[in-house]
Each structure stands twice: as C-alpha cells, then as structure tokens.
Amino acid sequence: MLEETIAGLACMPGHVVVDCTLGGCGHARAVCERIGPEGILIGIDRDAEAIENARSALSCYQDRMRLIHEDFSMLPSILQQMHIEGVNGIVMDLGMSRHHLEGSKRGFSFQKDEPLDMRMDVRQSVTAEKLLQTLNEDELTDVFHSFGEERFARRIARAVVRFRQKHLLRTTGQLAALVCEALPAKAKNQHIHPATRVFMALRIAVNQELEKLDRFLQAVPDLLVSGGRLCILSFHSLEDRIVKGYFRQWEGRCSCPPDLPKCICNRISPMRPVYRRALRPSADEIAKNPLARSTRLRIAEKR
C-alpha cells in the first residue's frame with residue numbers, strides 16, 4: 001500500500017519525516033523524493049543489515065537522510081538528541097521484510113531449516129532457542145496463546161517440554177515438525193501452515209514487539225507538529241488492536257460522567273483519525289502480492 005501510505009503522510013518539500021521501520025526502503029525512497037533536498041528523512045531500524053542496505057539503496061539521497069540503528073520506541077530520545085522538537089510525519093510498517101524471511105538466516109520462516117534466532121537486533125541476548133529451552137510449560141503456553149492466538153497452545157508447549165528433555169531444540173525445521181506432530185489431525189487441514197502462529201508468537205516474544213509498539217504510541221502526540229501525520233501499517237490483529245485502541249483514545253473528548261451538567265475535565269483530543277476505518281489493499285495489489293491481503297493502514301493527524 002505504498003501509494004496510499006505516501007498520500008496519507010502528505011509529504012511536502014522541507015518536511016521532516018521519520019521512517020521507523022526502514023526495511024527494504026520502499027517508503028523511505030518515496031518520502032525522500034517528496035521532501036526534496038531541504039527536507040530530512042530520519043530512517044530508523046533495529047536491524048543493522050537494514051541500515052546498511054539503506055546506505056546503499058538510498059545513496060543518491062544522502063544529503064537529506066539521517067540513519068539510526070535503534071528501536072523505534074526510542075524515537076523521543078533520538079529526536080531530543082537531534083534537537084528536533086517535532087516532525088511532520090511518521091510512518092511505520094510493522095510487517096516482516098522479505099529480507100528477514102528469505103535472506104537473514106535467523107529463522108523467521110519455517111520454509112527453510114535455520115537456527116532458531118528470530119532477533120531483529122542481534123545485539124540482544126534473548127533468542128527463540130533460548131525461550132524454547134528455558135520457559136516452563138505454562139510460560140510457553142502463554143506465549144503461544146497470547147502472541148500467536150494459537151488454539152492448541154498447551155499441547156504444543158507440552159510437546160516442546162517433552163522434546164527438550166531428550167534433545168536440543170535448535171532449528172526451525174525441528175520446531176515446525178514438532179508443532180505438526182503435536183496438533184490434532186483436524187487442525188492440520190487449514191489454509192495456513194500449522195506452525196505459522198507459533199513462529200509468529202516466538203518472534204513477537206523475542207523482539208518484545210507489542211510492548212515496544214505500546215511504548216511508542218504513548219509518545220506519538222508529543223512527537224508531531226500540528227498537522228503532522230502518523231501512518232501505521234499492521235499485519236495481524238494483535239498489532240492492529242493496539243493501534244486502533246490508541247486512535248480511539250486520542251480522539252476521545254470529554255471523559256466526565258454523563259450525569260455532570262458541565263464538563264470539568266477540559267480534555268482536548270490530541271489527534272484525529274484521517275479515515276474512520278482502516279484502509280485495506282486493493283484486489284489488484286493482493287493479486288500481485290498475496291502477502292498484502294491482511295494489511296491494515298491507519299492514519300491519524302495531530303490537531
């Protein structure tokens with residue numbers, strides 16, 4: 001949804017825009033073209049490989065780029081260090097990049113047999129393997145259920161604990177096979193691979209994705225100038241639920257009890273949604289890129 005996202009950002013020459021998830025640089029390139037040499041793009045990614053890719057892929061825009069190897073939840077301190085009081089736009093693409101799935105060799109996908117790493121930032125110590133080896137059955141069940149919405153979380157957690165009593169669980173191939181064996185036959189005949197939810201849950205847990213998203217959204221209204229816009233692309237219900245909750249919270253006005261004759265809270269809503277509902281990809285885009293089918297784009301503007 002590149003066109004819809006860039007249109008939602010409403011970039012203009014001279015604007016300061018933050019791409020919180022550089023990834024393959026698609027959004028960053030489009031932003032650079034629109035803000036011109038007098039504008040600034042602050043590109044953030046917690047993956048060092050994404051930063052290096054951006055240096056090469058966007059070298060023709062180096063006059064307007066500031067690349068930061070950091071987590072997007074640190075944006076308030078990043079802007080403070082750069083002496084920037086507010087930005088005109090923030091874009092976040094919360095989906096997995098193609099590089100992570102196909103070229104990182106960190107076990108984000110069950111399509112290849114790779115080490116159970118799943119770290120976006122390899123500087124951190126916690127890996128998927130470490131979680132699988134150290135969490136007890138209840139804790140694993142909670143991870144699979146809370147972050148993967150896995151219906152058979154308990155069965156899979158129990159299978160992991162039994163397996164590791166005799167073997168080391170180190171690769172994606174081992175985990176995918178273990179999950180398939182743990183599920184009842186009826187659960188294997190689905191349109192997605194049986195291990196999809198478990199892999200998603202582990203990735204979210206390893207990278208603390210939901211916690212960091214929540215921390216970031218708490219700070220957003222203070223990071224934008226008046227009229228500045230936030231565009232967020234989410235790809236599963238857990239992320240979108242958090243984003244949608246903040247959009248509603250920002251828009252909310254008076255919080256006084258309904259029986260009070262006069263408002264005493266003096267609440268002023270800091271943001272407004274640009275669209276009442278999330279934007280979805282067109283049929284043509286889904287046909288070209290089936291992975292886009294679950295995308296939701298939400299856009300809000302600072303009042």
Side-chain angles (χ1 to χ4, degrees), residues 1-2 4-23 25-46 50-51 54 58 61-94 211-234 239 242-253 255 265-275 278-279 297-303:
M1 301 184 68
L2 177 62
E4 295 91 338
T5 303
I6 297 304
L9 277 173
C11 299
M12 300 288 288
H15 274 187
V16 179
V17 179
V18 182
D19 185 340
C20 289
T21 49
L22 275 171
C25 299
H27 293 114
R29 183 185 301 278
V31 168
C32 283
E33 291 173 354
R34 286 159 178 77
I35 62 176
E38 62 270 40
I40 297 175
L41 169 73
I42 302 170
I44 302 172
D45 207 291
R46 62 193 303 189
I51 297 295
L58 303 177
Y61 301 112
Q62 59 182 338
D63 60 324
R64 67 201 72 172
M65 287 196 311
R66 309 290 186 272
L67 301 181
I68 313 291
H69 178 206
E70 189 53 271
D71 180 81
F72 60 67
S73 65
M74 299 301 294
L75 183 56
S77 62
I78 291 171
L79 295 180
Q80 185 177 28
Q81 291 170 18
M82 298 177 72
H83 305 290
I84 295 176
E85 295 184 0
V87 300
N88 302 100
I90 299 174
V91 59
M92 299 179 68
D93 184 344
L94 298 173
E211 296 96 321
K212 291 180 183 297
L213 175 61
D214 185 79
R215 190 186 315 154
F216 168 80
L217 290 171
Q218 290 179 34
V220 161
D222 295 327
L223 305 179
L224 291 165
V225 299
S226 179
R229 289 193 171 187
L230 168 70
C231 295
I232 301 185
L233 290 147
S234 59
E239 293 171 337
I242 294 173
V243 176
K244 185 177 180 179
Y246 271 93
F247 274 45
R248 286 178 172 173
Q249 175 183 317
W250 291 332
E251 187 186 15
R253 295 184 180 276
S255 60
C265 70
N266 296 317
R267 175 178 168 80
I268 300 175
S269 55
M271 307 271 287
R272 69 169 189 89
V274 176
Y275 301 102
L279 301 182
L297 170 61
R298 295 189 185 274
I299 305 172
E301 182 178 88
K302 175 76 173 287
R303 291 185 184 275

Heavy-atom closest pair, residues [X] and [Y]:
X	Y	value
E38	P13	OE2-CB, 3.4 Å
L2	A30	CD1-CB, 4.2 Å
C231	T5	SG-O, 3.7 Å
P270	W250	CD-O, 3.1 Å
F72	F216	O-CD1, 3.4 Å
I299	R229	CG2-CD, 4.4 Å

Practice problem: Walk me through it: do D19 and V31 pass the test side-chain contact (heavy atoms from CB on, under 4.5 Å)? | Solution: CA-CA 9 Å; D19 185 340; V31 168; over 6 Å; no
Quiz prompt | Test side-chain contact (heavy atoms from CB on, under 4.5 Å) applied to L233 and H27, step by step | solution = CA-CA 11 Å; L233 290 147; H27 293 114; 3.5 Å; yes
Quiz item: Can you tell if the side chain of L224 reaches within under 4.5 Å of the side chain of M271, non-hydrogen atoms only?
Solution: yes
Practice problem: Measure the shortest side-chain to side-chain distance between L223 and V18 over non-hydrogen atoms and say whether it is less than 4.5 angstrom. | Solution: no
Quiz item: L67 pairs by side chain to side chain contact (heavy atoms under 4.5 Å, CB included) with which of D45, L41, L22, L58?
Solution: L22
Quiz item: Can you tell which of L79, L230, V225 makes a side chain to side chain contact (heavy atoms under 4.5 Å, CB included) with V87?
Solution: L79
So, taking the atom named [atom1] in [X] and the one named [atom2] in [Y], what distance separates them when rounded to the nearest 0.5 Å?
X	Y	atom1	atom2	answer
I42	I90	CD1	CD1	9.0 Å
R66	I84	CZ	CD1	8.0 Å
L279	R298	CG	CZ	9.0 Å
Q218	Y246	CD	OH	4.0 Å
M1	L297	CE	CG	5.0 Å
M82	I68	CE	CD1	5.5 Å

Quiz item: Checking N88 side chain against V17 main chain: does a donor-acceptor pair fall under 3.5 Å?
Solution: no
Quiz prompt | H69 side chain vs I44 backbone, donor-acceptor pair below 3.5 Å | solution = no
Exercise. Quick one: do R272 and E251 satisfy salt bridge (charged side-chain N to carboxylate O under 4.0 Å, His left out)? Show the steps, please.
Key: CA-CA 5 Å; R272 69 169 189 89; E251 187 186 15; over 6 Å; no
Exercise. Could you go through the side-chain contact (heavy atoms from CB on, under 4.5 Å) check for M92 and L213 one step at a time?
Key: CA-CA 10 Å; M92 299 179 68; L213 175 61; 4.1 Å; yes
Practice problem: For E211, look at atom CD and say whether over 12 heavy atoms of other residues, nucleotides or ligands are found less than 6.0 Å away. | Solution: yes
Quiz item: For K244, does the NZ atom have more than 12 heavy-atom neighbours from other residues, nucleotides or ligands under 6.0 Å away?
Solution: no
